[in-house]
Structures are given as C-alpha cells and as structure tokens.
Amino acid sequence: MHAFEANFDGLVGPTHNYAGLSYGNVASTGNGQRAANPRLAARQGLDKMKALADLGFRQGVLAPHERPDVASLRQLGFAGSDAQVVARAAREAPAVLAACSSASPMWTANAATVSPSADSADGRVHFTPANLNNKFHRAIEHPTTGRVLAATFADPRCFAHHPALPAHMAFGDEGAANHTRLCADYGAPGVQLFVYGQRAFDASANGPRRYPARQTLEASQAVARQHGLNPARVVFAQQAPAAIDAGVFHNDVIAVGNRDVLFYHQHAFADADATLAALADAMHGVGASLRPLQVPAAAVSIEDAVRSYLFNSQLLSRADGRMLLVVPEECRHVEPVWAYLQDLLASQGPIAEVRVFDLKQSMQNGGGPACLRLRVALTADECAAVNPAVWINDARYASLCAWVDRHYRDRLSADDLADPQLLQECRTALDELTQLLQLGAVYPFQRG
Ligand SMILES: N=C(N)NCCC[C@H](NC(=O)CCC(=O)O)C(=O)O
C-alpha cells in the first residue's frame, strides 16, 4: 500500500520559558536564568512548518497544553481559586510552579511512539503517549497529549490509542525520540528500532554514571508488544552510556533515520556493530537493505554533535527519492559540523540537500528540528481520516500566526510565572485555538 510520512509539529505554548528543569540536557540547565520570547518561539516553529509544507511535505500541528497546570498544582495541595492556587505556589514553591508552567509539550518527538499500519498486527496506526516519567514537568503531559492525539487521529478504524505505560522509572518512556522506523518504502513493512538507556530489572546492567537514562528497555518492549509488532522486525539497542553522560539525553540527539538510511554518530550505540548487524538482518527480512551513514568521531566529536544538534535534524524524502536534511542554525556555527555537512553533500550519498532553520528559542531548551515533530506514516485513506483542521497550508499558517501575535507575550522570565494574568491569557488563547483546530474540549479548564 502506498504511504507517505507526515510530520506533526508541536505549536509552542504561551508560557515558553527557561527554567533549567532538565538535568542531563545541557542546554536546558545552561540557560535556566534567561528570559524567553514565547511569541518568537512560536513563530520560529510555525515558519519551519510552513517552509516544509511549501516544499510539498505533509505538515500538521499539535496543540500546546494548558499552563500553568492548575490541576497538577491542586493535586500537590495548593487550594483556593485558580488565581490563589498560582499565587500560593509562587510564594511557597516557585520551583514547582515553574515545572507546572513549562511549555515542554512543544517537543512532540516525545509525545508518543507511533507505529504505522504496515507494521502492526491489526493493520491500524498505533499510538502510545510517552509517560515522560524521568522529569516531573514532562510527566504531567501525557493525559492532555493523549486527548490531543485522539482528537487529531479520531477514526477507530484507522487509529488505535493506548494509555501511557505505568508511571514508574522502570517503564520510563520518552516516545519517538528513542524510536526510528526503517523501511524501503513508507507503506511497506518496516523495522522498528527502539533505543534505550538502561535496563530496569537487571541490577548488573551498565548505564550512565552522571546523567539519567530516561528510557528503559522494559518500556520499549512494552510499547512494541502493545503495538502488535512482529518480533522479527523489531530491534532493541542500548544507547552508549558515555553519550548520555556527554548530554545525549535522547537517541535523537545522536542519530536519525529515514526509509533505509540511518545517519548516526560512531559512538551513538553501546555496541554499534551488533546494532547495525541486527538492523541489516531485520531489514533483509522485509526485503530491504540498510544504508548506514556513520559520522566518525574524528570528523564530529560527541560534544560538537550536542552543541550543534547535527543529528537532531529531520531527514526527509524528496519527490526525487533523494533526501533533505533539516538542521538548526547552530550547525553553521560549529565549524567541524559545517565542514562535515559540506563534505556530506559533495559525497553524492543519499543526502542531497541541507536546509538551515533558526529555532534558537527552542534550541536554548535543548529542542531542535527533530524534537519539534512527531512522524506518522499514513496511507491515503488514513490521511483522509486525520482531523483536516490540523494541516498546515497558507490559510492555516496565517491564522495561527495572527493567533500567536494576538495572545503571546514577547518576554517571559521566571518572575512572570507568578502573574495570575498569565493563566487567563493562556486559557483565552487555547480556547480560541481549539476552535481553530477543531479539537473539541481537550483541556482541563474546558472539561469542568
Ligand atoms: N530530544 C527531543 N526529542 N526532545 C527535546 C526535549 C527537550 C526538553 N527540554 C526541557 O524540558 C527544558 C525545559 C526547561 O528547562 O525549562 C527535555 O529535556 O525533555
């Protein structure tokens, strides 16, 4: 069956800010005290979506969440009116308020793991929202994420939605950021690569020493089971613990795959040879052959990969079958990375083109082009079943830009999170957005 890949980017929410919440993500902790510009952040994301839609790629958008998350604050004992809840949290526990105010749902590579219909036993597209158990500010995302996904992919004949995995570190799950599907063609059966940081139920297993491993093998295995994947077409691979300790908190900071190409750093995997052999073997089983594209450490160090986010790029198939690499502006500023990209283009390999985007507002929190998007391979019928109001076209881009300009501030610092007005602004904006995107009542404040 013919299929294509659609990208669903997270729209940056009105409370985008830098709170230093993600230990192990060096951009997040390094920019903790900066003031953010939510309006610019949202516009940078929308500009990427529009540019890719203009190039002919199918581009959708996923809505931001209600922040501050008053329901979570209430669960933590702050009581009174909504304004009092925010004021009390600001006074007594500003760090908790900051966590409940993060616009982190923008990084939709962490929204869910998605398996296309060509790979699942029941012929439907399967979604499991990530529990994001490792960070409190992200662990509160999955209920709303699940509702936004269900409102976007509503038809039960095409789409299956699972609950997030149990909220325990043994099943820490970060979604598509640690998951890559390789195939000859999007509509043909493929091989799904799940990359984990650590085993949960094996005390002797090695793992990172400095920073946390956010994804466990046991979580990845549970998602693969839940999605009805054929075990012969699934590969589980451990991420190199040293890479995690160097700031590679998700696999998508060190590798990206598209169709039969895997673009990865020499030191991405704990056992690269075994991982590549298992992938090649599984690909062979679906009548495809893997095209590995390894970036040697001698050309790009892990530190430069983290600084530039070279691998947090989108690898997209153009109509002519060759590939486009969408990289953040930071790649231009890290000299060895920019030099490597020139050599890559000259090599006449699968990657024919590089496009650079300014996503600095997101990048300063550790979120590059690939973090901002959730990939969903869809057949034409499945595509027709997607909520039509979420696709980016000229008109929707214009209405979303106008919506951002109407509702978003151009400066937000840690102190501003205490402003009760911010909650009202966010709710007014989101109420309007649910109409623009025809999502129904997905937010707690709309559900009473
Ligand atoms: N690699 C992928 N797919 N996603 C990037 C997620 C970045 C996110 N940053 C944050 O949550 C920082 C928020 C703050 O510090 O204010 C995270 O660490 O989970």
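Positions are given from 1, in the same order as the sequence printed here. Predicted, not measured: the structure shown is a model, and the values here were computed from it. Counting convention: from 1, in listed order, for ligands and their atoms alike.
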Give a yes or no on whether a salt bridge exists between Arg214 and Asp173, defined as a side-chain N under 4.0 angstrom from a carboxylate O.
no
Within the 4.0 Å heavy-atom cut-off, what Asn17 brings close to ligand 1 is backbone
NZ/NE/NH1/NH2 to OD/OE distance under 4.0 Å, Arg427 and Asp82
yes
Ligand 1 atoms nearer than 4.0 angstrom to some heavy atom of Ser28 are 12 (C), 14 (C), 15 (O)
Between His161 and Phe153, what is the ring plane arrangement, given parallel below 30°, perpendicular above 60°, and tilted in between?
tilted
Find all atoms of ligand 1 within a distance of less than 4.0 Å from any non-hydrogen atom belonging to Gly366, and give their numbers and elements.
5 (C), 7 (C)
Where on Asp252 is there a heavy atom closer than 4.0 Å to ligand 1, on the side chain, on the backbone, on both, or on neither?
side chain
Just which atoms of ligand 1 are under 4.0 Å from any heavy atom in Arg214?
17 (C), 18 (O), 19 (O)
Decide, yes or no, whether a salt bridge links Arg409 with Glu425 under the criterion of side-chain N to carboxylate O below 4.0 Å.
yes
What are the atoms of ligand 1, with element, lying closer than 4.0 Å to any heavy atom of Ala177?
3 (N)
Have a look at ligand 1 and work out which part of Ala109, if any, has a heavy atom under 4.0 Å from it: side chain, backbone, both or neither.
side chain
How does Arg138 reach ligand 1, if at all, at less than 4.0 Å between non-hydrogen atoms: by side chain, backbone, both, or neither?
side chain
So the atoms of ligand 1 within less than 4.0 Å of a heavy atom of His250 turn out to be 1 (N), 2 (C), 3 (N), 4 (N)
Would Phe236 and Phe194 count as a close aromatic pair, with their ring centres under 6.0 Å?
yes
Do NZ/NE/NH1/NH2 and the carboxylate oxygens of Asp185 and Arg259 come within less than 4.0 Å?
yes
Where ligand 1 meets Gly20 - atom numbers and elements under 4.0 angstrom, heavy-atom basis
14 (C), 15 (O), 16 (O)
Contact with ligand 1 for His137, non-hydrogen, under 4.0 angstrom
yes
So the atoms of ligand 1 within less than 4.0 Å of a heavy atom of Asn25 turn out to be 7 (C), 8 (C), 9 (N), 17 (C), 18 (O)
